[in-house]
Amino acid sequence: MAEEKKSLNFIEQIIKEDLKNGLDNTKLRFRFPPEPNGYLHIGHAASICLNFGLGQTYNAPVNLRFDDTNPTKEEQEYVDAIKKDIKWLGFEWDNELYSSDYFQQLYEWAILLINNGKAYVDDQTSAQIAEQKGTPTQVGTDSPNRNRSVEENLELFEKMKNGDFKEGSHVLRAKISMTANNMLMRDPIIYRILYKKHHRTGNDWNIYPMYDWTHGESDYIEQISHSFCTLEFNPHRELYNWFLKQVYNGDNLKPKQREFARRNLSYTVMSKRKLLQLVEEELVNGWDDPRMPTISGLRRRGYTAKSIRDFSETAGIAKRDNITDIALLEFHIKNELNKTAPRVMAVLDPVKLVITNYPENKEEILIAENNPEDENAGSREVPFSREIYIEREDFREQANKKFFRLKLDKEVRLKNAYIIKANSVVKDESGEITEIQCTYDEDSRSGSGSEASKRKVKGTIHWVSIKHAIKAEVRLYDRLFTDEAPDSHKDKDFKEFINPNSLKIIDNAFVEPSLKTATVGNQFQFQRLGYFNIDNDSTKDNLVFNRTVPLRDSWAKQNK
RNA sequence: UGACCCAUGGUGUAACGGUAGCACUCCGGUUUUUGGUAUCGUCAGUCAAGGUUCGAAUCCUUGUGGGUCAACCA
């Protein structure tokens with residue numbers, strides 16, 4: 001059997017190596033650990049695809065663990081949204097878990113630390129503690145409280161837990177080294193007092209564990225074999241291991257933290273903090289605004305789960321900082337929709353066209369192919385009549401040979417219909433064309449098999465019958481930022497680069513009548529224009545479409 | 001004036017001491033009742049300098065460039 005040699009990313013190589021060195025593959029276990037303080041974005045998708053993907057390749061469990069140790073930022077709304085997005089992406093978790101499930105165990109371990117002389121209560125102000133921490137190039141100094149007795153520490157910590165102290169007055173610190181090169185090792189805080197209701201534990205706790213004290217121990221409790229996080233946590237690894245060593249019982253598996261580069265996309269921002277700003281300052285219409293790089297935004301925009309998975313797969317996993325071209329994401333959605341989206345005709349910028357030799361009251365039903373890429377897609381009926389709308393930019397009174405569309409005295413094919421020739425125009429007082437008058441070749445109907453129907457004309461344009469068309473709202477989206485990396489400028493705020501034209505609403509578009517029965521989420525290709533889906537705001541009487549992504553347009557490029 | 005991480009076409013990612021490959025983008029040809037799709041093709045890369053080796057993108061040294069670290073955030 002010829003085996004295809006698939007190249008492995010560095011994380012897969014680490015696992016392969018661990019397996020080779022004796023790790024039993026039944027011990028493999030992964031986790032995806034979001035903090036429920038915002039919505040998931042395309043960067044998280046990379047991590048989700050990585051962890052759940054590893055679960056699939058190795059047939060290993062993958063936990064969904066909410067890292068909920070900071071009640072000031074976390075909400076149930078986010079928990080629900082995160083679960084929805086992961087499911088939608090097509091993944092299933094083994095256990096739904098919460099760091100807060102481990103608050104009691106973490107507390108007991110903190111007492112163990114105190115008993116072992118590895119932790120102490122500090123009642124200095126946060127400013128004093130920060131001051132003593134030193135700087136990256138200058139060592140810190142010991143807290144005056146560093147050598148409290150075990151008994152005193154136990155008592156103070158108990159009081160912290162019982163709510164006897166004011167918020168911010170006391171912390172529990174690990175006793176490591178104030179001279180370590182790694183700032184995180186300089187006696188990091190592991191518990192702080194917070195009188196804040198937690199979305200799961202309510203008011204049970206007055207003290208909350210910090211990230212570093214929680215994450216590794218949670219991995220350990222769940223016996224996660226490989227704990228993957230993004231690059232900025234690399235300095236935390238030393239502390240992660242230090243904490244683990246304090247509670248390790250010698251038998252269990254010791255989780256391993258490794259870091260990979262977060263996935264950045266050009267022309268957008270990828271940090272929950274900044275996305276939250278956009279939402280709160282109403283620069284977008286919520287987390288699921290179709291311009292947002294959130295999973296919910298992309299979904300509403302018309303991106304499919306598969307396209308996002310394919311993107312993550314193609315973009316890969318590595319350790320260097322990156323800004324991936326948004327064109328790669330767009331490629332994957334176009335690639336999929338090209339094969340699956342039914343073709344329809346819609347006119348976004350209508351101008352009236354009259355076929356003067358077509359009988360006044362005649363109507364015809366023409367047959368249109370639903371998808372040339374899919375022979376099982378079948379066909380549909382499209383009504384034709386004397387007066388139609390075409391795209392304003394598809395007509396010019398005069399143009400050079402490169403303009404393949406309609407111009408005076410020249411012919412063009414109406415898609416799925418007849419060949420027409422433009423004869424004259426009617427203009428209003430400002431000189432704008434209000435009507436194009438044409439004649440049609442009666443024998444040239446598409447698919448009729450006649451000689452005339454087989455004639456080659458250079459251009460084909462789309463249209464809708466005015467009498468039969470449905471008026472619709474169409475929302476055109478452009479990139480949210482004008483800069484490739486809006487948050488990379490040290491002296492400028494990312495919001496300075498917001499694209500003022502990122503949303504264009506067209507309220508007088510016309511679509512063919514077959515769209516009458518379309519419902520929210522349905523996806524189409526508006527021929528020659530792009531891929532569109534029906535937005536949540538859409539109603540039976542007022543169809544609303546989002547443009548997911550335009551078609552490649554080599555004509556527009558040529559005209560630049 | 002520290003420690004740690006990183007460096008391959010425009011972008012993203014492979015090659016694990018033995019032919020620098022793939023995808024996207026860009027550009028061009030062919031086909032086409034979508035200026036779409038498909039298809040064919042072009043352009044284009046190992047940060048630098050030393051060293052080890054028969055052989056270096058890969059190992060070593062130094063430099064350069066980028067990133068991370070001084071929240072009672074995660």
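Residue numbering restarts at 1 for every chain, and letters A, B, ... go by the order of the sequence lines.
- Spacing of P atoms, B:C54 relative to B:C69, comes out at 45 Å, to the nearest Å.
- With values rounded to the nearest 0.5 angstrom, A:Asp487 atom CG is found 8.5 Å from A:His489 atom NE2.
- Within the 4.0 angstrom heavy-atom criterion, no nucleotide atom of any strand lies near A:Tyr208.
- A:Phe157 places its CZ atom 17 Å from the P atom of B:C72, with the value rounded to the nearest Å.
- Side-chain proximity of A:Arg320 to the nucleotides B:U13, B:C72, B:A70 is greatest for B:U13.
- Partner of A:Glu411 under the salt bridge (Lys or Arg N to Asp or Glu O under 4.0 Å) criterion, out of A:Arg405, A:Arg455, A:Lys421: A:Arg455 alone.
- One can place CD1 of A:Ile317 at 16 Å from P of B:C6, the figure rounded to the nearest angstrom.
- Residue-level contact check: A:Asn182 touches neither bases nor backbone, having no heavy atom under 4.0 Å from any strand.
- Distances shorter than 4.0 Å separate some side-chain N or O of A:Arg263 from OP1 or OP2 on B:U13.
- Between A:Ile189 and A:Thr314, the residue whose closest nucleotide on RNA chain B is further toward the 5' end is A:Thr314.
- Interface remark: the A:His332 side chain does not form any donor-acceptor pair with the B:A23 base, using a distance-only criterion of under 3.5 Å.
- The CZ atom of A:Arg237 sits 18 Å away from the P atom of B:A3 (whole-angstrom rounding).
- Regarding contacts with the backbone of B:A74, a side-chain N or O of A:Thr69 is found under 4.0 angstrom from either OP1 or OP2.
- Between A:Lys196 and A:Glu167 no salt bridge is recorded (no basic side-chain N to carboxylate O distance below 4.0 Å).
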Report task. Any chance you could list the contact pattern along nucleotides 25-38 of chain B? Use B for base contacts, S for sugar-phosphate-only contacts and - for none, protein heavy atoms under 4.0 Å, 5' to 3'. Result -> SSS-----BBBBB-

Report summary line: With B for base contact, S for sugar-phosphate-only contact and - for none (protein heavy atoms under 4.0 Å), nucleotides 17-22 of chain B reads ------

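- With B:G12, B:A70, B:C73 as the choices, the nucleotide that has an atom nearest any side-chain atom of A:Asn70 turns out to be B:C73.
- Distance CD (A:Glu484) to C1' (B:G12): 12 Å, rounded to an integer number of Å.
- Of the C1' atoms belonging to B:C6 and B:A44, the separation is 24 Å, rounded to the nearest Å.
- The side-chain tip of A:Lys161 points at the ring of A:Trp205 from less than 6.0 angstrom away and within 45° of straight on.
- A:Lys401 comes within 4.0 angstrom of nothing in the nucleic acid, heavy atoms only.
- Side-chain contact annotation: A:Glu336 with A:Thr304, donor-acceptor N/O pair under 3.5 Å present.
- With C1' as the reference atom, B:C4 and B:G28 are 47 Å apart, rounded to whole Å.
- Ranked by how close their nearest RNA chain B nucleotide is to the 5' end, A:Phe10 and A:Thr72 are led by A:Phe10.
- The pair A:Arg65-A:Glu222 meets the salt-bridge criterion, since a charged nitrogen lies less than 4.0 angstrom from a carboxylate oxygen.
- We find that CZ of A:Arg262 is positioned 15 Å from C1' of B:C5, with the value rounded to whole Å.
- One distance of note links CD1 of A:Ile367 with OG of A:Ser448; it measures 12.5 Å at 0.5 Å rounding.
- Atom-to-atom distance recorded for A:Leu156:CG and A:Asp123:CG is 7.0 Å, nearest 0.5 angstrom.
- Contact annotation: A:Arg192 reaches the phosphate of B:A74 (side-chain N/O to OP1 or OP2, under 4.0 Å).
- You'll find that the side chain of A:Ala315 is closest to B:G12, out of B:C72, B:G12, B:C69.
- Between A:Lys73 and A:Glu35 there is no salt bridge, since none of the side-chain N atoms of the basic residue sits less than 4.0 Å from a carboxylate O of the acidic one.
- Among the atoms of the strands shown, base atoms are found under 4.0 Å from some heavy atom of A:His236.
- Note on A:Lys73: a base of the nucleic acid sits closer than 4.0 angstrom, heavy atoms only.
- The CG atom of A:Asn322 sits 18 Å away from the P atom of B:G66 (whole-angstrom rounding).
- Rounded to the nearest Å, the gap between the P atom of B:U62 and that of B:U58 is 16 Å.
- Base engagement by A:Gln124 is indicated by at least one non-hydrogen atom pair under 4.0 Å involving a base atom.
- Between the P atom of B:C24 and the CG atom of A:Leu265 lies a distance of 17 Å, rounded to the nearest Å.
- Here the separation of B:G18 from B:A56, taken at their C1' atoms, is 10 Å to the nearest Å.
- A:Tyr531 and A:Glu330 share no side-chain donor-acceptor pair at under 3.5 Å.
- Defined by atom type and a distance below 3.5 Å, a donor-acceptor pair is missing between the side-chain atoms of A:Arg263 and A:Ser312.
- Under 4.0 Å is where a charged nitrogen must lie from a carboxylate oxygen, and between A:Glu391 and A:Arg528 no such pair does.
- Whole-Å rounding puts the A:Phe311 CZ to B:U11 C1' distance at 11 Å.
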Query raised in the report: Given A:Phe157 and A:Tyr191, is the ring-ring contact (aromatic ring centres under 6.0 Å, His included) satisfied, shown in steps?
Result: CA-CA 9 Å; A:Phe157 189 48; A:Tyr191 269 101; 5.4 Å; yes

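- When the options A:Phe510, A:Phe384, A:Tyr389 are evaluated for a ring-ring contact (aromatic ring centres under 6.0 Å, His included) with A:Trp463, the one that passes is A:Phe384.
- Rounded to a whole angstrom, the distance from the C1' atom of B:G65 to that of B:U8 is 15 Å.
- Across all strands shown, A:Ser126 has heavy atoms under 4.0 Å from base atoms, whether or not it also approaches the sugar-phosphate.
- At B:C4, none of the side-chain N or O atoms of A:Lys319 fall inside 4.0 Å of OP1 or OP2 (strictly under the cut-off).
- Using modelled atom types, one finds a donor on one side chain and an acceptor on the other under 3.5 Å when comparing A:Gln132 with A:Gln124.
- Where pairing requires Watson-Crick or G-U contacts shorter than 3.5 Å, the helical stems of RNA chain B with at least three consecutive pairs are B:2-7 with B:64-69, B:10-13 with B:21-24, B:27-30 with B:38-41, B:47-51 with B:59-63.
- Comparing the same atom, C1', in B:G66 and in B:U31 gives a spacing of 46 Å after rounding to whole Å.
- Atom C1' of B:C27 sits at a distance of 23 Å from the matching atom of B:A20, rounded to the whole Å.
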